[in-house]
Amino acid sequence: MKKTIIFSAIALCFSMGTINAKTANFNVKNHNVVKVFKVNSFCVSIAKGDIETVIKLISLGEDVNQKSEGMTPAMYAAKYNRTEILELLIARGADLKAKSDKKMTAADYAKLHGATDAHAIIEETLTKK
């Protein structure tokens, strides 16, 4: 008797779960993906903290103020708290007052991501200027 009740309960649970199941037909036509994220290699090196590559790219003429995905290299350094790279970018003329496409500065990114060391460097640099 117990087995019959348990078996019936299990069968009822499975049948209730499939009663409301619907098949979905999705017809996707002309679906083009234009762009995902295309951060340049300079900013990727900064985000990773690869200072040797950053130095090489700067020596090859990389622009320390060129935006990648709407952010300057200093913003990437500030966001990821790459203080040594941030100081290098500042020494090479990085514009700390520049705004991203989201209307944020490097100091804003440092503050947003809790990069206290980078934020302190930016604030100190801006007070000197």
Side-chain angles (χ1 to χ4, degrees):
M1 179 76 173
K2 285 183 181 180
K3 288 182 182 179
T4 306
I5 293 173
I6 292 172
F7 181 72
S8 297
I10 291 172
L12 182 63
C13 289
F14 281 119
S15 66
M16 294 301 286
T18 59
I19 288 174
N20 293 324
K22 296 178 184 177
T23 58
N25 294 326
F26 294 107
N27 294 323
V28 179
K29 295 179 182 178
N30 298 328
H31 187 265
N32 295 324
V33 177
V34 176
K35 187 176 184 183
V36 179
F37 283 105
K38 184 101 171 139
V39 178
N40 66 26
S41 59
F42 186 51
C43 291
V44 169
S45 300
I46 292 168
K48 288 183 177 182
D50 186 359
I51 192 161
E52 293 172 4
T53 303
V54 172
I55 292 169
K56 286 178 187 176
L57 290 171
I58 290 173
S59 69
L60 291 172
E62 191 69 45
D63 183 4
V64 296
N65 289 310
Q66 182 181 357
K67 289 184 178 180
S68 177
E69 285 300 315
M71 293 171 56
T72 64
M75 292 173 192
Y76 282 100
K79 178 180 177 178
Y80 294 103
N81 204 29
R82 307 297 185 203
T83 56
E84 192 174 351
I85 295 172
L86 181 60
E87 289 172 342
L88 174 65
L89 293 171
I90 292 169
R92 298 296 178 133
D95 182 9
L96 298 177
K97 293 180 182 179
K99 295 201 179 234
S100 69
D101 290 353
K102 295 181 180 180
K103 308 295 181 223
M104 294 175 65
T105 63
D108 295 332
Y109 280 104
K111 191 173 182 181
L112 178 67
H113 293 280
T116 55
D117 297 334
H119 190 266
I121 291 169
I122 293 167
E123 291 299 318
E124 181 182 328
T125 303
L126 288 175
T127 56
K128 288 180 183 178
K129 289 185 177 183

Count I, L, V, M, F, W, Y as connected when their side-chain heavy atoms are under 4.5 Å apart, and connections chain through other members. Are [X] and [Y] then in the same cluster?
X      : Y      : result
Ile121 : Met104 : no
Leu86  : Leu112 : no
Tyr76  : Ile90  : no
Tyr80  : Phe42  : yes

Calculate, to the nearest 0.5 Å, the distance between atoms [atom1] and [atom2] belonging to [X] and [Y] respectively.
X      : Y     : atom1 : atom2 : value
Thr72  : Leu96 : OG1   : CG    : 8.0 Å
Lys102 : Glu69 : NZ    : CD    : 10.0 Å
Lys99  : Met75 : NZ    : CE    : 9.0 Å

Once side chain to side chain donor-acceptor pair (under 3.5 Å) is applied, do any residues pair with [X], and if so which ones, sequence neighbours excluded?
X      : answer
Thr116 : none
Asp108 : Thr105
Tyr109 : Ser100

Could you report the tightest heavy-atom contact between [X] and [Y], atom names first, then the distance?
X     : Y      : value
Ala78 : Ile122 : CB-CD1, 3.8 Å
Ala77 : Leu89  : CB-CD1, 4.1 Å
Ala74 : Ala94  : CB-CB, 4.2 Å

List the atom pairs, with distances to 0.1 Å, where a side-chain N or O of residues 44-60 and a protein N or O form a donor-acceptor pair under 3.5 Å, not counting sequence neighbours.
unit_1	atom_1	unit_2	atom_2	d
Ser45	OG	Ser41	O	2.9
Asp50	OD1	Thr53	N	3.4
Asp50	OD1	Thr53	OG1	3.3
Asp50	OD2	Thr53	OG1	2.5
Ser59	OG	Ile55	O	3.4
Ser59	OG	Lys56	O	2.7

So the salt bridge (charged side-chain N to carboxylate O under 4.0 Å, His left out) pairs with at least one residue in residues 78-92 (sequence neighbours excluded) are none
So salt bridge (charged side-chain N to carboxylate O under 4.0 Å, His left out) across residues 57-68, not counting sequence neighbours, yields Lys67-Asp101
Applying salt bridge (charged side-chain N to carboxylate O under 4.0 Å, His left out) to Glu124 and not counting sequence neighbours gives Lys128
The side-chain contact (heavy atoms from CB on, under 4.5 Å) partners of Glu123 (sequence neighbours excluded) come to Ala107, His119
Those residues at least two apart in sequence (or on a different chain) that pass side-chain contact (heavy atoms from CB on, under 4.5 Å) with Asp117 are Asn81, Thr83
- Query: Is there a donor-acceptor pair under 3.5 Å between the side chain of Asn40 and the backbone N or O of Ser68?
  - Reply: no
